[in-house]
Amino acid sequence: MLARVAETLFWMSRYLERAENMARLINVNANLLLDIPKKTTLGWEPLIDITGTREHYLKSNENFEERSVLRYLVSDVDSPVSIVSALKSARENARTIRDVIPREAWEQINALNYYATDQLGAGLSKRGRFSYLKEIILRNQTISGLLAGTMNQDQGYLFIRMGRNLERADMTTRIIDVRTANLITNENMELRPFENIQWMSVLKSLTAYQMYRQSMQARVRRGDVLKFLFQSKKFPRSIYFCAQQLEQCVLQLPNFEEVLNQIHSLMDMVQGTDLEALDQNQLHEFIDQCQIEFNAIHNALVDNYFLSGRIYKQAPRQVQKAG
Amino acid sequence: MPIDWKDYEVKDFFDELIQTNGQPRSSSATLARYLTTLSSDEIDSLRAASELSIKEMGITFTVYTQEEGSIDRSWPFDIIPRIIPKSEWDRIELGLKQRVRALNLFIDDLYHDQKIIKNKVFPAELLANSVNFRKECIGVNPPLNIWAHICGSDLVRDADGTMYVLEDNLRVPSGVSYMLENRSVMKRVFPEMFEAMSVQPVDDYPSQLFDMLCALAPRKQVQPEVVVLTPGIYNSAYFEHAYLAQQMGCELVEGRDLTVESDDCVYMRTVDGLQRVDVIYRRIDDLFLDPDAFNPESSLGVPGLMRAWKKGKVALANAPGAGVADDKVVYAFVPEIIKYYLGEDVILPNVPTYRCMYDDEREYVLKNLDLLVVKPANESGGYGMMIGPAASKKEREKFAQLIKADPRNYIAQPTLSLSTVPTLVGDKVEPRHVDLRPFILSSSDINVTMGGLTRVALRKGSLVVNSSQGGGSKDTWIVEEDK
């Protein structure tokens with residue numbers, strides 16, 4: 001597998017997963033807002049912070065009204081985090097390596113990109129939004145299924161899995177963060193009655209509610225939900241599960257030591273933390289720590305497998321020339 | 001029934017499907033009859049189905065614009081096919097094989113003994129001035145002594161029905177993927193026609209291409225590693241590069257994926273380390289192939305690639321320097337070239353061609369600019385040409401100056417009355433001009449595609465079929481007629 005192709009597959013997969021999870025992120029916030037008394041929430045603003053692009057957002061927007069935030073997260077092609085631009089990037093990456101992935105998968109990715117753009121009118125309306133986002137999620141699931149069911153499970157597929165799982169872990173922490181960010185104080189007595197409903201909504205947005213029920217055999221409580229979403233070894237969107245997937249993939253590659261060490265560092269941190277004991281601020285900081293770990297894994301992959309790293313390792317002559 | 005062939009005006013051109021009396025040709029009768037049974041709605045839905053297939057299959061070509069940079073556009077396609085009877089095609093195929101065989105002998109001769117020049121059949125000064133002659137290739141012996149492994153020749157039909165060769169493309173001819181994709185769209189849209197008529201299949205091109213490339217491999221004892229070398233995603237033919245790599249099941253590489261090591265072998269950079277490459281189907285022009293040998297600014301190529309090729313460590317298709325024979329001035333000599341190497345008369349005629357390097361021919365051209373098409377020797381894609389009857393006075397004067405300044409670089413041909421094919425305009429059909437590009441593969445034997453890519457000028461009256469300038473395409477059916 002060409003180093004450049006491995007990198008492109010990895011990014012294609014990350015962008016697809018990002019679009020899907022952005023759809024989930026918007027859904028969870030929309031549901032939260034319906035469930036919580038208006039005066040106690042920050043509305044849509046927290047979503048911008050969670051994407052880490054507040055500065056960029058403020059360049060073209062003056063307020064955090066629902067319309068502006070949604071346009072930024074769904075349709076704005078200049079927004080680095082919008083669904084439309086993630087899908088556009090996924091398509092561009094897929095187009096670069098369309099010879100590698102099964103033709104039907106390319107056609108689905110291409111069609112999804114057109115769907116996201118053509119149906120924007122519905123996607124931005126209050127009434128059409130839910131089914132638009134649902135369709136984005138569903139079509140992404142179709143693409144994952146197509147790839148799993150029709151592509152050789154070779155190195156290329158390993159990079160698709162790694163891209164997907166790294167992005168998924170990252171986005172799951174961000175989705176949990178919406179819940180933390182949207183409540184200024186969790187000690188606020190006024191909100192107690194709503195707390196369980198809110199965690200239920202987080203679970204549902206991750207399609208995790210039913211699996212949580214089956215696996216935890218408990219009613220929806222903050223500590224159990226956090227344990228499930230971070231530490232479950234069985235649920236495919238939990239941070240720990242994604243890390244396990246990364247571990248399995250990288251073990252099948254040459255020179256895996258550095259990446260493997262980074263993955264283990266993440267796994268140790270997630271498993272070794274008493275999540276229930278964290279208050280809202282500490283949880284937010286813990287999520288930041290997770291994201292630093294994700295970045296480290298990403299960088300280790302770049303250094304060891306992607307073209308930039310390869311050129312450095314395999315052709316010192318060119319590096320010297322450049323220097 | 002919106003389509004009625006009685007309303008279809010064939011006028012002064014040869015129409016590929018319909019005769020002057022409004023009756024379909026015998027090879028087209030089944031299709032013509034079928035089309036008249038369709039309602040406006042049915043025609044609309046057929047067209048919509050083909051457009052949707054093209055969009056979803058991602059059949060695109062890339063265009064550059066000042067405002068938007070590089071974008072990929074859906075491929076304009078018309079659902080009414082162009083039909084050629086198999087009996088006629090057989091003769092065309094023979095003519096193409098003859099032509100390519102002679103051109104390969106010609107190129108090999110130019111890079112070795114130059115007998116054809118010594119024997120005064122081909123003028124030495126033409127070679128001295130050729131921009132596509134590569135002195136770096138002198139004395140090189142590519143596998144099987146073949147230089148132009150893939151050739152795309154453009155055919156046009158004049159008003160009297162004669163099929164002419166308009167030009168040969170021996171560098172990096174493109175379009176074959178559209179030929180293949182057009183067929184798969186048509187199968188989705190018109191399945192009943194394929195049942196009713198015996199349309200010859202085109203699908204085996206990728207496997208023939210792959211076999212041809214494998215035959216060039218320097219290492220015979222192992223399964224050769226064949227790659228397609230692309231300039232990248234911004235090239236107008238990127239779709240085709242990716243498509244062919246996918247169909248052949250080989251890697252699509254860019255220059256930066258490859259490296260030539262001190263053993264003069266070519267390697268690609270993989271996740272596992274370096275891996276040897278045997279055959280490169282390169283879709284990059286000669287001058288960008290290797291910054292060490294040609295353009296030092298090129299970042300598309302691979303330093304050392306020419307060195308590896310000359311030492312026989314890697315095969316390149318087409319071979320560097322093959323373009324010397326697709327120069328439009330060389331074209332004018334092809335009948336002589338065929339006679340010289342094969343001792344045969346040309347089967348497929350050239351369009352009558354005036355060579356501006358000769359005084360008398362140049363005089364004629366300058367006097368008759370309003371009747372002629374003037375072409376520079378080394379441009380492709382319809383760029384830099386002038387169509388006399390359609391040009392303004394100012395444009396003609398500009399070309400007169402260009403010709404006088406550099407006569408060697410220009411040829412002129414009479415404006416042909418390109419043949420037409422019925423093409424959907426709204427829910428009616430109107431004639432639109434077409435050409436045809438078959439593809440010829442050469443290694444130990446020669447294979448010609450069954451038909452080729454029919455390009456159509458979608459604008460009324462236009463003769464320009466290039467996709468970059470408002471052209472589209474049609475499927476091409478070689479049809480076996482019942483005896």
Side-chain angles (χ1 to χ4, degrees), chain A residues 1-10 88 91-115 117-118 152 154-156 158-159 162 249-250 252-256 259 301 304-318 321, chain B residues 51-60 62 70-72 74 177 181 184 188 206 225 227-230 232-235 238-262 267-275 277 291-292 299 302-304:
Chain A
M1 163 86 15
L2 286 174
R4 177 179 54 81
V5 173
E7 184 168 3
T8 309
L9 287 169
F10 177 83
K88 199 169 162 231
R91 177 183 181 274
E92 277 307 285
N93 277 290
R95 188 161 90 88
T96 312
I97 42 85
R98 63 188 284 174
D99 55 312
V100 179
I101 52 174
R103 181 181 177 137
E104 288 78 2
W106 153 251
E107 288 183 12
Q108 287 296 326
I109 293 169
N110 191 37
L112 171 57
N113 179 56
Y114 285 121
Y115 172 83
T117 316
D118 293 346
N152 284 344
D154 56 8
Q155 281 184 343
L158 291 177
F159 283 98
M162 289 198 290
C249 290
V250 81
Q252 297 174 57
L253 292 170
N255 310 315
F256 55 74
V259 186
L301 286 169
N304 285 281
Y305 303 115
F306 297 160
L307 189 62
S308 40
R310 291 284 83 181
I311 286 177
Y312 175 72
K313 284 199 171 153
Q314 289 170 353
R317 186 174 70 97
Q318 291 195 352
K321 249 191 190 168
Chain B
E51 278 165 10
L52 188 69
S53 307
I54 286 168
K55 200 172 168 187
E56 294 205 337
M57 286 154 82
I59 309 175
T60 59
T62 311
S70 156
I71 42 172
D72 65 314
S74 283
S177 59
E181 289 291 64
S184 59
R188 290 190 192 188
E225 185 71 45
V227 301
V228 178
L229 175 60
T230 174
I233 192 160
Y234 298 111
N235 186 270
Y238 180 77
F239 165 79
E240 173 152 312
H241 308 159
Y243 179 88
L244 291 174
Q246 180 182 43
Q247 294 293 310
M248 292 192 290
C250 58
E251 297 282 1
L252 177 67
V253 303
E254 295 178 16
R256 57 199 164 116
D257 295 321
L258 300 179
T259 169
V260 181
E261 297 292 296
S262 52
Y267 295 87
M268 55 184 175
R269 298 186 171 97
T270 76
V271 169
D272 296 293
L274 295 178
Q275 192 177 331
V277 171
D292 286 355
S299 55
V302 187

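Note on naming: letters A, B, ... go to the chains in the order of the sequence lines (proteins, then strands), and numbering restarts at 1 for each one.
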Tell me which donor-acceptor pairs under 3.5 Å the side chains of residues 246-253 of chain B have, and how far apart each pair is, sequence neighbours excluded?
residue	atom	partner	partner atom	Å
B:Gln246	NE2	A:Arg98	O	2.9
B:Gln246	NE2	A:Ile101	O	3.3

Subject >> Pairwise distance CG(A:Leu2) to CG(B:Asp272) - rounded to 0.5 angstrom >> reply: 11.0 Å

Original post:
Salt bridge or not for A:Arg103 and B:Glu181, using N-O below 4.0 Å?
Top reply: yes

**OP:** Measure across B:Val271 and A:Ala6 and return the closest heavy-atom pair with its distance rounded to 0.1 Å.
**Re:** CG2-CB, 3.6 Å

Subject >> Spacing of B:Glu254 atom CD and A:Arg4 atom CZ [to the nearest 0.5 Å] >> reply: 4.0 Å

